[in-house]
Structures are given as C-alpha cells and as structure tokens.
Student: 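Here it is: the structure, laid out below.
In this text the structure is predicted, and so the values were computed from the model without any measurement.
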Amino acid sequence: MVEELRTTVGIVGAGPAGLMLAHLLHTAGIDSVVVDNRDRDTIAHTHRAGILEQGSVELLTRTGAVSRAHTEGHQHEGTVFRVDGVDHRIDFQGLVGASVWLYPQNEVFVDLAKTRDADGGAVFYGVSDTQPGGFDTDRPTIDFTDADGTARRIICDWIVGADGSRSVCRTTVPETTRQRYAHQYPFAWFGILCEAPPSAPELIYARSERGFALVSQRSDTVQRMYFQCSPDEDPDDWSEDRIWSELQARVDGPDGYRLTTGTIFDKTVLPFRSYVTEPMRHGRLLLAGDAAHTVPPTGAKGLNLALQDVRVLFEALRDAVTRGDESGIDGYSDRALARVWKAQNFSSWMTSLLHLDPQASDFEFRRRQGELRGLLESAHGRAYLAEAYTGWPGESTLTI
Ligand SMILES: Cc1cc2nc3c(=O)[nH]c(=O)nc-3n(C[C@H](O)[C@H](O)[C@H](O)COP(=O)(O)OP(=O)(O)OC[C@H]3O[C@@H](n4cnc5c(N)ncnc54)[C@H](O)[C@@H]3O)c2cc1C
C-alpha cells in the first residue's frame with residue numbers, strides 16, 4: 001500500500017537549496033513537499049560552508065527564512081592573503097562597498113528548518129529509496145519510504161532536484177540528454193574543527209612554499225582550519241601535534257604570527273573537483289545547487305550559488321504556477337548557468353593561484369608567484385577579487 005501525497009512542487013533535498021526554495025514558494029502561496037534521506041539532527045551537525053555573500057544574507061534574512069545571521073554571525077569587511085608569511089589585506093568595503101558574513105551552513109539549516117516548522121511546511125527527514133520519475137509527463141512523481149517505513153508517493157507538477165553532489169535526480173536523467181563538464185585537482189584539503197578562540201578576526205588565505213592553508217572561524221569557541229594535502233592522505237596518520245605544526249609552518253612569517261591552538265575534535269580530507277551538468281532542466285525536473293554544479297571550496301561559492309539558483313528558480317516556478325507563464329522555466333537553465341560559470345572560473349582560478357600543484361614545472365611555480373604579486377599590488381586586481389568574493393549582482397530581479 002503506497003500513501004499518495006499531492007503537491008505543486010516536490011523537492012528532493014533539505015539542504016539550503018531545497019529548504020530555501022520551499023520557503024520562498026510558501027511566501028507566494030505555493031505548496032511543496034520536501035524529502036531528505038538524512039535525519040534532521042545529522043544535517044544540523046554537518047559542518048560545511050561558512051561564508052555567505054552579502055546578497056545571500058539579504059535573501060535569507062529579508063524573506064524571514066533565517067533569523068540569527070546578523071546577531072550571531074560575523075560581518076567580515078575584508079580578508080587577508082598571507083603570502084610567504086606577509087599579510088596583504090583585501091579591503092572588501094573600501095574596494096567594492098560590500099562584506100561577507102561568517103554564518104555556518106548548519107546554522108542556516110537550523111533556521112530554515114524552524115521556519116518551515118512555523119509555516120507548517122511538509123518536510124520528511126530520514127527517508128530512503130528516493131526515486132523520482134515521470135519528468136516527461138505532466139504528473140511527475142517522487143517515490144520514497146519515510147522514516148517510519150511507510151511507502152509514499154508524491155504526485156506533483158514540478159520536481160526540483162536539490163539533492164546535492166551525488167544527486168539521484170540528476171542520475172535519473174539519461175546520460176545522452178545531458179552534458180557533463182568536470183575537472184579534478186591533484187590536491188585536497190585537510191580540514192579540522194577545534195575548540196579554541198579565533199586565531200584572526202577575518203579569514204586568512206595563506207600560500208607558502210609548503211602549500212596552501214586557510215585560517216577560518218566558526219564561533220567564539222570553535223574554529224575551522226584547512227591545509228592543502230594529497231587526496232589520498234589518511235586523517236588517522238595525523239596526530240594533533242603534527243597537524244598544528246604543519247598549519248603553523250604554513251603561516252609562519254617575520255611578524256611572528258602564531259595560531260591559537262586547541263583540542264581538535266574533527267579531521268577530514270576533502271577532495272576537490274569542479275563539475276557542471278547542463279542543462280539544469282529536463283522536462284518537469286529542475287536541478288538546483290550542488291545537484292547541478294560543484295566548485296572547489298576555495299572561493300566560498302557553493303552555498304551562495306545554490307541560493308542564487310533558488311532565487312531564479314523561485315521566480316520561474318511562481319510565474320508558471322500562478323500565471324501559467326513558463327518562459328521563466330524555459331530560461332532557468334541559461335540564467336542560472338551564467339552565474340555558475342562565472343563562479344566556476346573564480347573558484348578554479350583562486351584555487352590554482354593559492355595552491356601548489358605537485359605536477360607543475362618550476363616555470364609554472366614562478367609564474368604563479370608573479371601572478372599573485374601582480375594581483376595584490378594592483379588596486380584593480382584586488383577590486384576584482386573583492387567583487388567576485390563578496391558576490392556579483394544577481395541574475396534575478398526578485399525584490400526582497
Ligand atoms: C568543507 C566545505 C566547505 C565549504 N565552504 C563553503 C563556503 O564557505 N561557502 C559556500 O558558499 N559554500 C561552501 N561549501 C559548499 C556548500 O556546502 C554546498 O555548495 C552546499 O551545501 C550546496 O547546497 P545544496 O542545498 O545544493 O546541497 P546539499 O547541502 O548537499 O543538500 C542536499 C541534500 O539532499 C539530500 N539528499 C541527497 N541524496 C538524497 C536522496 N537520494 N534522497 C533524499 N535526499 C537526498 C542530502 O542529505 C542533503 O541534505 C563548502 C563545502 C564543503 C564540503
């Protein structure tokens with residue numbers, strides 16, 4: 001026996017893309033049902049993105065989706081590029097009049113989930129066997145088993161695949177009808193979470209002869225740091241002492257800067273890749289966020305791109321559902337991809353600029369040093385970086 005649910009938009013994935021879309025649809029009086037195969041507590045405790053572009057914070061707060069970004073998050077008016085132990089500050093406010101906000105993705109989730117609760121939104125966490133289908137019909141479906149073991153079917157007008165980089169929605173589309181663009185990097189990030197006060201008021205992107213490191217924050221008592229490593233590095237081979245001495249070596253400099261150390265309670269190796277699937281629409285299936293594209297985390301673009309997709313997609317769905325105007329749906333893929341490819345370029349460029357490629361020639365190593373120096377010595381170069389990092393103006397005309 002299968003329990004049937006009827007809704008306008010069926011959404012696979014309760015990450016930032018899926019929940020934010022459900023929230024925006026609700027504000028326009030459009031109902032949706034969201035399913036996610038992780039339980040709520042697991043999502044709330046998964047540490048991923050930390051940096052929100054100014055436009056993302058405005059979207060999340062002005063629509064009432066997120067309540068604590070301004071009170072519990074931290075505004076960063078700039079960032080530091082530390083090259084061979086010497087700081088070069090990129091003054092976002094001075095260069096482009098914008099900021100980013102440090103407000104962790106798991107807190108964004110907690111706020112979004114509470115907002116869905118308060119609005120009576122239907123979200124099924126901890127589901128299994130998700131199977132979307134019928135994209136080429138006018139009644140697509142999402143089959144799943146809920147957390148209590150009940151087999152259910154969502155019957156809807158549109159399916160949104162917001163189910164992250166291993167998207168089942170994307171892989172359900174025949175490979176012959178989609179184009180895949182991918183790039184693999186010869187390095188990864190060794191990421192740690194530690195109990196310590198912040199080592200710096202803003203993010204520090206460090207490049208040294210030992211490779212890249214990122215000094216980042218989470219809260220007043222928990223910090224996030226990364227250093228470049230080999231993709232096959234085993235976290236268990238790294239003791240706390242070894243991790244701290246490697247991180248310190250990558251930020252050492254004549255100013256005597258020292259990291260504030262503390263107990264490490266999480267260590268992970270994060271492989272890098274750039275990936276885009278085109279188009280982002282297949283009949284009545286629309287892909288959004290990491291389900292359609294992933295970027296290396298260096299430029300802090302993934303979550304922000306997911307929110308930008310949703311902004312464009314919301315307008316398209318609203319016009320289709322409330323006015324029968326599907327021109328926005330027809331144009332969704334091209335509009336979203338315009339920003340996706342700008343962000344792909346920025347993320348890939350920033351990654352190559354700051355990491356040491358183990359396969360690069362001596363010429364390439366020196367050329368990169370020259371590129372970085374040229375960028376940091378040029379006000380125009382720093383302004384390009386500041387504009388891209390804080391976020392370009394949106395493709396959406398959505399008024400918030
Ligand atoms: C270490 C790290 C650091 C990062 N730092 C930044 C940063 O500073 N700034 C930034 O903008 N981005 C950053 N990102 C990227 C960011 O985390 C992602 O781009 C973002 O999570 C994308 O959101 P999403 O909603 O598209 O996908 P996700 O957050 O991946 O959500 C997808 C959801 O779908 C669910 N799902 C998957 N398969 C199924 C299924 N079969 N059935 C039902 N549900 C399913 C998953 O459980 C998940 O909850 C970082 C990523 C990592 C890994």
Student: Side chains of R224 and Y226: any donor to acceptor distance under 3.5 Å?
Tutor: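 On atom types as modelled, these side chains qualify, holding a pair under 3.5 Å.
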
Student: For the pair S56 and W101, evaluate side-chain contact (heavy atoms from CB on, under 4.5 Å) and give the outcome as yes or no after the intermediate values.
Tutor: CA-CA 9 Å; S56 297; W101 286 79; over 6 Å; no

Student: Measuring from atom CD1 of I155 to atom OG1 of T8, what distance do you get when rounded to the nearest 0.5 angstrom?
Tutor: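 OG1 of T8 is found 12.5 Å from CD1 of I155.
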
Student: Please check if the side chain of R170 supplies one atom and the backbone of S165 the other of a donor-acceptor pair under 3.5 Å.
Tutor: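 Here the side-chain-to-backbone pair exists.
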
Student: If we count only N and O atoms by modelled type, under 3.5 Å, do the side chains of D232 and S230 hold a donor and an acceptor together?
Tutor: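 Present: a donor and an acceptor within the cut-off.
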
Student: Strictly distance-based, threshold 3.5 Å: is any side-chain N or O of T61 a donor or acceptor partner for the main-chain N or O of V57?
Tutor: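 At least one qualifying donor-acceptor pair exists.
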
Student: side-chain contact (heavy atoms from CB on, under 4.5 Å) for L247 and I243? Distances and angles first, verdict last.
Tutor: CA-CA 6 Å; L247 274 165; I243 292 171; 3.9 Å; yes

Student: Give, for atom CD of E233 and atom CZ of F190, the distance between the pair rounded to the nearest 0.5 Å.
Tutor: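 It comes to 7.0 Å.
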
Student: Quick one about D325 and S327 (side-chain donor to acceptor, distance below 3.5 Å, no hydrogens or angles considered), yes or no?
Tutor: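 A pair is found: one side chain offers a donor N or O, the other an acceptor, under 3.5 Å apart.
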
Student: So, K301 side chain and K342 main chain: donor-acceptor pair closer than 3.5 Å or not?
Tutor: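 Answer holds: no.
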
Student: Under the ring-ring contact (aromatic ring centres under 6.0 Å, His included) rule, what do H293 and W341 come out as? Steps first, then yes or no, please.
Tutor: CA-CA 9 Å; H293 42 76; W341 278 110; 9.6 Å; no

Student: Tell me, please, whether W244 has K267 positioned over its six-membered ring: NZ or CZ under 6.0 Å from the ring centre and within 45 degrees of its axis?
Tutor: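 The answer is no; the distance or angle limit is not met.
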
Student: Would H355 and F212 count as a close aromatic pair, with their ring centres under 6.0 Å?
Tutor: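 That pair passes the under 6.0 Å test.
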
Student: I need the F92 CZ to T79 OG1 distance, nearest 0.5 Å.
Tutor: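 Interatomic distance, F92 CZ to T79 OG1, rounded to 0.5 Å: 5.0 Å.
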
Student: Have T294 and D290 got a donor and an acceptor in their side chains that come within less than 3.5 Å?
Tutor: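 No, because no side-chain N or O of T294 sits under 3.5 Å from a partner of the opposite role on D290.
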
Student: Donor-acceptor pair, E240 side chain versus T263 backbone, under 3.5 Å?
Tutor: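 Not confirmed, E240 side chain does not pair with T263 backbone.
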
Student: Keeping T322 on the side-chain end and R318 on the backbone end, is there a donor-acceptor pair under 3.5 Å?
Tutor: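 Yes; judged by distance alone, with no hydrogens or angles, the pair exists.
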
Student: Counting only N and O atoms by type, is there a donor-acceptor contact under 3.5 Å from the side chain of T7 to the main-chain atoms of G10?
Tutor: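 The answer is no, because no donor-acceptor pair under 3.5 Å joins these two groups.
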
Student: Could you tell me whether a side-chain N or O of E58 sits under 3.5 Å from a main-chain N or O of T63, the two making a donor and an acceptor?
Tutor: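 Not a single qualifying donor-acceptor pair exists.
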
Student: Where is the tightest heavy-atom contact between V295 and A343, given as atom of each residue plus distance?
Tutor: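 For V295 versus A343, the nearest heavy atoms are CG1-O, 4.3 Å.
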
Student: How long is the span from the CG atom in D146 to the CD atom in E3, to the nearest 0.5 Å?
Tutor: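 Reported to 0.5 Å precision, the distance equals 8.5 Å.
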
Student: Say whether S352 and Y185, considering side chains only, have a donor N or O and an acceptor N or O under 3.5 Å apart.
Tutor: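 Side-chain D/A pair, S352 to Y185: absent.
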
Student: Can you tell me which residue among E53, Q93, E77 is in a side chain to side chain donor-acceptor pair (under 3.5 Å) with S99?
Tutor: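 The residue from E53, Q93, E77 that satisfies side chain to side chain donor-acceptor pair (under 3.5 Å) with S99 turns out to be Q93.
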
Student: Closer than 4.0 angstrom, basic N to acidic O: yes or no for D330 and R281?
Tutor: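 A salt bridge links D330 with R281.
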
Student: For a quick test of reading the model, state the closest non-hydrogen atom pair linking A320 to E326 and the distance between them.
Tutor: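 In terms of heavy atoms, the two residues are closest at CB-CG, 4.1 Å.
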
Student: Closer than 4.0 angstrom, basic N to acidic O: yes or no for E246 and R242?
Tutor: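 Salt bridge between E246 and R242, a charged N being under 4.0 Å from a carboxylate O: no.
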
Student: Decide yes or no for D36 and V123: does some side-chain heavy atom of the first lie under 4.5 Å from some side-chain heavy atom of the second?
Tutor: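 Heavy-atom side-chain distance check fails, nothing below 4.5 Å.
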
Student: I'd like to know if the side chain of R38 pairs up with that of T46 as donor and acceptor (distance under 3.5 Å, no hydrogens or angles considered).
Tutor: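 A donor-acceptor contact under 3.5 Å links the two side chains.
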
Student: Which of these passes side chain to side chain contact (heavy atoms under 4.5 Å, CB included) with F187: P358, P271, C229?
Tutor: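 Going through the options one by one, the only one that passes is P358.
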
Student: When rounded to the nearest 0.5 angstrom, what distance separates OH in Y205 from OG1 in T298?
Tutor: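 If we round to the nearest 0.5 Å, Y205:OH and T298:OG1 are 7.5 Å apart.
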
Student: Could you tell me whether the side chain of D111 and the main chain of S67 form a donor-acceptor pair under 3.5 Å?
Tutor: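 Indeed, once roles are kept as given, a pair shorter than 3.5 Å links the two residues.
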
Student: Ignoring hydrogens and angles, tell me if any N or O in the side chain of Q248 forms a donor-acceptor pair with the backbone of L259 under 3.5 Å.
Tutor: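 It does hold such a pair.
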
Student: Any side-chain donor-acceptor pair under 3.5 Å between T268 and D266?
Tutor: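 Note: T268 and D266 side chains meet the donor-acceptor criterion.
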
Student: Ignoring hydrogens and geometry beyond distance, is a side-chain donor-acceptor pair present between Q308 and R311 at under 3.5 Å?
Tutor: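 There is no such pair (donor and acceptor under 3.5 Å, judged by atom type) between the side chains of Q308 and R311.
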
Student: For A300, is there any backbone N or O sitting under 3.5 Å from a side-chain donor or acceptor partner on N304?
Tutor: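 At least one qualifying donor-acceptor pair exists.
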
